[in-house]
**Q** 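Quick one: the structure is below, questions incoming.
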Number of protein chains: 2
Amino acid sequence: MTRAEENYLKAMYQLSAGKNQRVSTTALAERLETKPSSATDMLQKLHDKSMVKYTRYKGAQLSPEGRHIASQIVRKHRLWEVFLVEKLAFGWDQVHDIAEQLEHIKSPDLVERLDVFLGCPKVDPHGDPIPDDKGNIEQINKILLCEQEPNSRCVLMGIKDTDDAFLKYLSQKNIKLGSLITVLDKEPFDESMTVVIDQKTHFISKIISTNIYVQPR
Amino acid sequence: MTRAEENYLKAMYQLSAGKNQRVSTTALAERLETKPSSATDMLQKLHDKSMVKYTRYKGAQLSPEGRHIASQIVRKHRLWEVFLVEKLAFGWDQVHDIAEQLEHIKSPDLVERLDVFLGCPKVDPHGDPIPDDKGNIEQINKILLCEQEPNSRCVLMGIKDTDDAFLKYLSQKNIKLGSLITVLDKEPFDESMTVVIDQKTHFISKIISTNIYVQPR
DNA sequence: ATAATTTTTTAGACAAGACTAAAATTATAG
DNA sequence: CTATAATTTTAGTCTTGTCTAAAAAATTAT
């Protein structure tokens, strides 16, 4: 597997979230910031290697093998993110580009040792689940903060949009994974919220609350 | 800098050990397990980028900039080796190939944090010095074990030939960096030695003793 | 149902980095 | 000091992964 091939498989894995549906050439090209014609070329190549099932003009779907490889790239990416944040004290918003490189390091032994070294974490620093070596994901029961009722408590389990500015916003306010959130009030008009996190009161707009996953308490 | 370019610079750095002498096309090609014609192509390219001074039919020499970049690749390689051995409990003989990949990860911040995380080590697991971020190397005063006189003590500081079989030989006998060596006897005929390491007596042939660096005590 | 639009594919080109075969230069030996 | 050998370079080809422009298929709208 070349680096480019791995990137295509990973992009397909993430686009066809959970389900493993078909992915269109254009969607794939967009995700990888490349042209549809390039995506077509690669899909044909991956089909020949039986990593995907590709049908002309119909897009492609990961084969079991392709899916497994993709899951292991994601596994590596997220394990390295944990390493960077937990061990090297990087911030949430600084780790993505580096993990993007580290995910291509080839050594099955390394991945397993890293996993153990980190204490076999189940989620990455953004709360996204880490697939195990078979590609299985431990599903965590979580809802969006905006669906949470006033006068209730919940724990921050993850964030949806890992946009840079958003991550900086959160880390600046010291809002992090595992934070206990108490919803005081929800404004019916704009659906903004008043919440308490670590003794501090925050006013949170709808756009923020729809990008935070929580687990009710 | 592409990965190939980095590999060429690093190979030149290591071939022109310390000195920064000129390196021949063939020597470079051999080191990189490629053909001389490929090396020529690359040297011309690196010359255009002013990373080396290349003269047709005369070989090439690293420019200050090329030399600095090469030193940082070596720095990364050796820091990652320390990480793999110290933190992930890999053996001496298992880390080279993985470090070969990790050395190309691009992020100045990562290198500095890794360095701190590892306690700013000065040597890698084979006793080779780790250049600092300016490319400077702390020279350690060491001699070959074969030059050590009978009835003397010394400390194992490094190994010369990091050949796989040799590393396995050493780790199997539990001979490692920092081991205290007492030379009991040196046979004049074949220059083999009788030494004590960690309460155990070993019979060491000339070829072994010329590949071990020690510091007299 | 046919025309217009969008999506997807093909064809041809390019850059990086490698290779082979042949030519040019330098080194070595008689 | 030539003749031969070894080294190095050039020229041309190949693969990977990308691109543009044009053709083909699928979708949408009238």
Side-chain angles (χ1 to χ4, degrees), chain A residues 1-16 21-63 66 69-70 73 97 100-101 103-106, chain B residues 1-16 21-62 65-66 69-70 73 97 100-101 103-106:
Chain A
M1 283 291 104
T2 67
R3 181 172 292 229
E5 286 169 345
E6 289 187 348
N7 283 333
Y8 274 93
L9 292 179
K10 180 183 141 201
M12 287 184 66
Y13 182 82
Q14 292 177 329
L15 282 175
S16 64
Q21 317 138 6
R22 265 209 297 252
V23 169
S24 84
T25 309
T26 317
L28 196 51
E30 228 157 64
R31 165 59 85 118
L32 291 164
E33 293 182 292
T34 182
K35 302 288 166 184
S37 56
S38 307
T40 300
D41 287 351
M42 186 56 92
L43 287 179
Q44 291 173 341
K45 193 170 144 198
L46 289 172
H47 179 89
D48 294 344
K49 291 195 175 188
S50 65
M51 305 307 298
V52 306
K53 200 172 73 189
Y54 164 70
T55 333
R56 280 178 33 160
Y57 293 103
K58 299 284 180 192
Q61 196 177 357
L62 287 169
S63 74
I69 290 177
I73 307 288
D97 291 346
E100 202 86 329
Q101 300 177 62
E103 74 191 5
H104 297 290
I105 302 293
K106 277 166 192 65
Chain B
M1 283 290 107
T2 68
R3 181 171 294 228
E5 286 169 345
E6 288 187 347
N7 283 333
Y8 274 92
L9 291 180
K10 179 183 143 201
M12 287 185 66
Y13 182 82
Q14 290 176 330
L15 282 174
S16 65
Q21 316 137 8
R22 264 209 298 254
V23 170
S24 86
T25 310
T26 317
L28 197 51
E30 229 157 63
R31 165 59 86 113
L32 291 164
E33 293 182 294
T34 181
K35 302 288 166 184
S37 55
S38 308
T40 301
D41 286 352
M42 185 55 93
L43 287 179
Q44 291 173 340
K45 193 171 142 195
L46 289 172
H47 179 90
D48 294 344
K49 292 195 174 189
S50 65
M51 304 307 297
V52 307
K53 199 172 73 190
Y54 164 72
T55 333
R56 282 179 30 164
Y57 293 103
K58 298 286 180 189
Q61 197 178 355
L62 286 169
E65 207 189 330
I69 289 176
I73 306 289
D97 291 347
E100 202 86 329
Q101 300 178 61
E103 74 191 7
H104 297 290
I105 302 293
K106 279 166 191 64

**Q** Test B:Met51 against B:Glu5 for side chain to side chain contact (heavy atoms under 4.5 Å, CB included), laying out the working first.
**A** CA-CA 10 Å; B:Met51 304 307 297; B:Glu5 286 169 345; over 6 Å; no
**Q** Is the backbone N or O of A:Thr40 less than 3.5 Å from a side-chain atom of A:Thr25, with the two atoms forming a donor-acceptor pair by type?
**A** no
**Q** By side-chain contact (heavy atoms from CB on, under 4.5 Å), which residues pair with B:Lys53, not counting sequence neighbours?
**A** B:Gln61
**Q** Mind calculating the distance between CG (B:Leu43) and C1' (C:dA18) to the nearest angstrom?
**A** 14 Å
**Q** Tell me, which stems hold DNA chain D, with a stem being 3 or more Watson-Crick or G-U pairs in a row and both distances under 3.5 Å?
**A** C:1-30 with D:1-30
**Q** What are the two closest heavy atoms between A:Met12 and A:Val23, and how far apart are they?
**A** O-CG2, 4.0 Å
**Q** Around atom CZ of B:Arg22, are there more than 12 heavy atoms from other residues, nucleotides or ligands closer than 6.0 Å?
**A** no
**Q** Provide the closest heavy-atom pair for B:Tyr8 versus B:Leu46 in the form atom of the first, atom of the second, distance.
**A** CB-CD1, 4.0 Å
**Q** Picking from D:dT10, D:dT18, C:dA18, which would you name as closest to the side chain of B:Thr34?
**A** C:dA18
**Q** Using the test side-chain contact (heavy atoms from CB on, under 4.5 Å), find all partners of A:Arg56 that sit at least two apart in sequence or belong to another chain.
**A** A:Tyr54
**Q** Counting side-chain heavy atoms from CB outward, which of D:dC19, C:dT10, C:dA21 is closest to B:Ser37?
**A** C:dA21
**Q** Which whole-number value in Å describes the distance from B:Leu28 CG to C:dA18 C1'?
**A** 14 Å
**Q** Whole Å only: how far is the NZ atom of A:Lys35 from the P atom of D:dT16?
**A** 24 Å
**Q** Could you tell me which residues satisfy side-chain contact (heavy atoms from CB on, under 4.5 Å) with B:Thr55, sequence neighbours excluded, listed by chain and number?
**A** B:Lys58
**Q** Looking only at heavy atoms, what is the nearest atom pair of A:Ala70 and A:Leu62, with distance?
**A** CB-CD1, 4.5 Å
**Q** A:Ser50 and A:Ser63: which non-hydrogen atoms are nearest, and at how many Å?
**A** O-OG, 3.1 Å
**Q** Considering only C:dT9, D:dT18, D:dT9, which nucleotide approaches the side chain of A:Met42 most closely?
**A** D:dT18
**Q** Is A:Met1 close to A:Leu9 at the side-chain level, that is, under 4.5 Å between some pair of heavy atoms?
**A** yes
**Q** For DNA chain D, which residues in residues 4-11 of chain A have a heavy atom at a distance below 4.0 Å?
**A** A:Ala4, A:Tyr8
**Q** Do B:Thr40 and D:dT10 have a side chain to base donor-acceptor pair shorter than 3.5 Å?
**A** no
**Q** At their closest point, which heavy atom of A:Lys106 faces which heavy atom of B:Gln101, and how far apart are they?
**A** N-OE1, 2.7 Å
**Q** For the pair made of CG in A:Asp41 and C1' in D:dA21, what is the distance, rounded to whole Å?
**A** 14 Å
**Q** Considering heavy-atom distances to DNA chain D, does B:Gln44 or A:Arg3 have its closest nucleotide positioned more toward the 5' end?
**A** B:Gln44
**Q** Any N/O pairs under 3.5 Å between the protein and nucleotides 24-26 of chain C? List them or say none.
**A**
none

**Q** From D:dC19, D:dT9, C:dA18, pick the nucleotide closest to the side chain of A:Ser38?
**A** D:dC19
**Q** Can you tell me how far C1' of C:dA18 sits from CG of B:Leu46, to the nearest Å?
**A** 15 Å
**Q** From CZ of B:Arg22 over to C1' of D:dT7, roughly how many Å is that when rounded to an integer?
**A** 14 Å
**Q** Round to the nearest Å and state the distance from A:Met1 atom CE to D:dT16 atom C1'.
**A** 13 Å
